[in-house]
Number of protein chains: 2
Amino acid sequence: MATIKEVAAKTGLSPTTVSRVINNHPYVDDSKRKKVLQAMQELGYVPNSSARRLRGQKTNTIAVIISRIVNPFFSHLVDAMERIAGEKGYQLILCDSRLNKDRELAHLELLKAKQVDGIILASLQNDWEAIEPFTKYGPVICCNEYDIKAQMPVIRCDQQYGGYIGTKHLIEKGHTKIAYAGGADRIQLTLDRKTGFLKALKEHGLTLPEEWMFPSFYGIEDGKNIFQRIYAMEDRPTAIFAGGDEVAAGIIQEAKRFHCRVPDELAVVGFDNQPIADLIDPGITTIEQPMKLMGTRAMEMMVDMIKNKKKVTYKKEILPLQLVVRQST
Amino acid sequence: MATIKEVAAKTGLSPTTVSRVINNHPYVDDSKRKKVLQAMQELGYVPNSSARRLRGQKTNTIAVIISRIVNPFFSHLVDAMERIAGEKGYQLILCDSRLNKDRELAHLELLKAKQVDGIILASLQNDWEAIEPFTKYGPVICCNEYDIKAQMPVIRCDQQYGGYIGTKHLIEKGHTKIAYAGGADRIQLTLDRKTGFLKALKEHGLTLPEEWMFPSFYGIEDGKNIFQRIYAMEDRPTAIFAGGDEVAAGIIQEAKRFHCRVPDELAVVGFDNQPIADLIDPGITTIEQPMKLMGTRAMEMMVDMIKNKKKVTYKKEILPLQLVVRQST
DNA sequence: CTGAAAGCGCTTACAG
DNA sequence: CTGAAAGCGCTTACAG
């Protein structure tokens, strides 16, 4: 691979001038600029990224940490981020924590090693105490997940409201026995969602037995599993609010297999409004999360923070959520 | 951020020795090693990635080029790659070509800029002539898509066989009027699949009218569109072989909306065996592609090529495909 | 086992 | 408008 020196030698100019041409610096004689451009072309010269990074102290690379790329929620989020990053001239490093704390921490080290200019946390396995030390090495923002104590910018949805409207919808449909399948309480996002759920129940004087709460479930198989557990109960709920469309889809599919009619015998509400919610039969009533918008805004904010080094005042953007009614309720 | 010099100063040793400790070099006095380790700990020292890259001429980063991350096929492929990359100590840069030739070429430049050690092409928009010049700057391999003329390693599935067995299955079910929805002929993968399709037809003396061929379709919306076009035909096919489960799902959903019974009035075969194939009703008969295996093997091969600089002899791995029968046929 | 020195390939004051 | 020189932070022969 040709270096800047070779281009300089070929043109009889100095590396400094070649560098100026590469970087579109003004004050370069036009005929010389042309000569350099041509030499670069002929040599197939491309500036060495590592040298530029070392010298310029920036990488034009951003890392995004997610917990499971095969979850359509995350793939849509990442899709939006990748698009904006590309437009702004940044590369995207995909980091999958696979719900593991240590792996998340290892990915955060990229910032200390100056391997990335910033990190977007779309999943959050560690407490703010563990994340905080990294924030002095560069911008770190939350997108989607969040921690109430965290002193960092965040773009997220109003999860409590989402939990509330989904539950309210079920109650309005006449349900009084409503089960809940969400994530762990240590995750603020799922905790808030549950708080909204409980708030709706409370407003209507409803309670729920311990066994109707299913913590920490994520995929289709988990949904199937949940249905079986519900089906085996003496006192069954007539509706369930699931923490994701994949879980909801699993519940519905398994219900069909056991000839349990949805929504007549069991109404189901999902979360996300993934493509699958509209494809399966019955369609899943769900809470739409604006993944594209969230990914776009997060990446725009990150690039903005990188470019305007001055610490952006700790920003918070909360996006609206809305109910999409289909046939599962 | 602390540098190696500061660690050296703090311990009273030379940068050379500190470097040796960082790199687990033998021949370092044990007590000195401990001192260095402690100083690094206290200073929160992490080696600067750019400096190491520049000096060592390697980046420990690999780029994967796909065409649409929200396609579950690609997200599963990328998931497998990310896992192996992490295990082997590599970062993964996600590059989405969005089916655009120029964007693909721009991503290949990463290799010339020495910003990555190698590139895995899981999507292929350009001809071999356009790709070839990049191969002298580092390992480039194909995974999934391929070009018959390409002189580079490839891990792929036997697409022709896939097209053949899917069609054969429909013929065995008694169909003689079979439509086909695949990608463009300029893509070798889809061309081979079509060749397999046509081979099966030919073996049974079947032909198909021009209007039963739907080129270049990818997503759910395209599937819906295709169904409508079929539905409007005077002489309708009784079965269709779609180039992906998303397209098949779109066809099935739209068929339901028009009260066209699947498989009785229209049998549908998909491709990939994505989760959705098992979730929608009727389940999609499809050709299973081993995405996890393909992604894993591709990343293993890439790391192997990077580590053993000697040009690996142009390798070719063809993975088996198999029919998964569900209710859509 | 240890360290001084060179150099990876750039960019940026600085001086002209 | 142009160039010589320094330096970003490492690692690796080389010499001891």
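In what follows, every chain begins at residue 1, and chains take the letters A, B, ... in the order their sequences are listed.
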Nucleotide dG9(C), atom P - distance to CG of L54(A) in whole Å
12 Å
Any N/O donor-acceptor pair, T16(B) side-chain to dA4(C) base, under 3.5 Å:
yes
Rounded to the nearest angstrom, tell me the gap between atom CD in Q115(B) and atom C1' in dG9(C).
14 Å
Candidate nucleotides dC10(C), dT2(D), dC8(C), ranked by approach to the side chain of Q57(B) - the nearest
dC8(C)
Could you walk me through whether S49(A) and R53(A) satisfy the side-chain hydrogen bond (donor to acceptor under 3.5 Å, both in side chains) test, starting with their C-alpha distance in whole Å, then the side-chain angles of each, then the deciding distance to 0.1 Å, before giving a yes or no?
CA-CA 6 Å; S49(A) 149; R53(A) 286 170 180 233; 3.2 Å; yes
Extract the stems that DNA chain C is part of, considering only consecutive pairing runs of at least three Watson-Crick or G-U wobble pairs, both distances under 3.5 Å.
C:1-3 with D:14-16, C:5-12 with D:5-12, C:14-16 with D:1-3
Which residues share a side chain to side chain donor-acceptor pair (under 3.5 Å) with N71(B), sequence neighbours left out:
Q274(B)
Can you find a donor-acceptor pair, distance only, under 3.5 Å between R20(B) side chain and dG3(C) base?
yes
Determine yes or no for a side-chain-to-main-chain donor-acceptor pair under 3.5 angstrom, with T296(A) supplying the side chain and K292(A) the backbone.
yes
May I ask you to evaluate whether T17(A) reaches the phosphate of dG3(D), defined as a side-chain N or O under 4.0 Å from OP1 or OP2?
yes
Hey, does the side chain of R55(B) come within less than 4.0 Å of dG9(D)'s phosphate (OP1/OP2), counting only N and O?
no
For R52(A) and dG9(D), what is the distance between atoms CZ and C1' respectively, to the nearest whole Å?
19 Å
Can you tell me the distance, in whole Å, between the CD1 atom of I4(B) and the C1' atom of dC8(D)?
14 Å
Rounded distance in Å - CZ (R53(A)) to P (dC10(D))
15 Å
Heavy-atom pair of closest approach, residues M152(A) and L121(A)
CE-CD1, 4.2 Å
Expected list for residues 22-47 of chain A near DNA chain C, using heavy atoms below 4.0 Å, is N23(A), Y45(A), P47(A)
Side chain to side chain donor-acceptor pair (under 3.5 Å) partners of N48(B), counting only residues at least two apart
none
Name the atoms and distances for all side-chain donor-acceptor pairs under 3.5 Å in residues 126-133 of chain B, with sequence neighbours left out.
{"unit_1": "N126(B)", "atom_1": "ND2", "unit_2": "K101(B)", "atom_2": "O", "d": "3.1"}
{"unit_1": "N126(B)", "atom_1": "ND2", "unit_2": "E104(B)", "atom_2": "OE2", "d": "3.1"}

Between D117(A) and N60(A) (side chain of the first, backbone of the second, donor and acceptor by atom type, cut-off under 3.5 Å), is there such a pair?
yes
Which pairs would a plain distance check flag for residues 86-96 of chain A, meaning a side-chain donor or acceptor within less than 3.5 Å of a matching protein atom at least two apart in sequence or in another chain?
{"unit_1": "D96(A)", "atom_1": "OD1", "unit_2": "R68(A)", "atom_2": "N", "d": "3.4"}
{"unit_1": "D96(A)", "atom_1": "OD1", "unit_2": "R98(A)", "atom_2": "N", "d": "3.0"}
{"unit_1": "D96(A)", "atom_1": "OD2", "unit_2": "I69(A)", "atom_2": "N", "d": "3.3"}

Using the side chain to side chain contact (heavy atoms under 4.5 Å, CB included) rule, pick out the option among L111(A), T135(A), V64(A) that qualifies with I119(A).
L111(A)
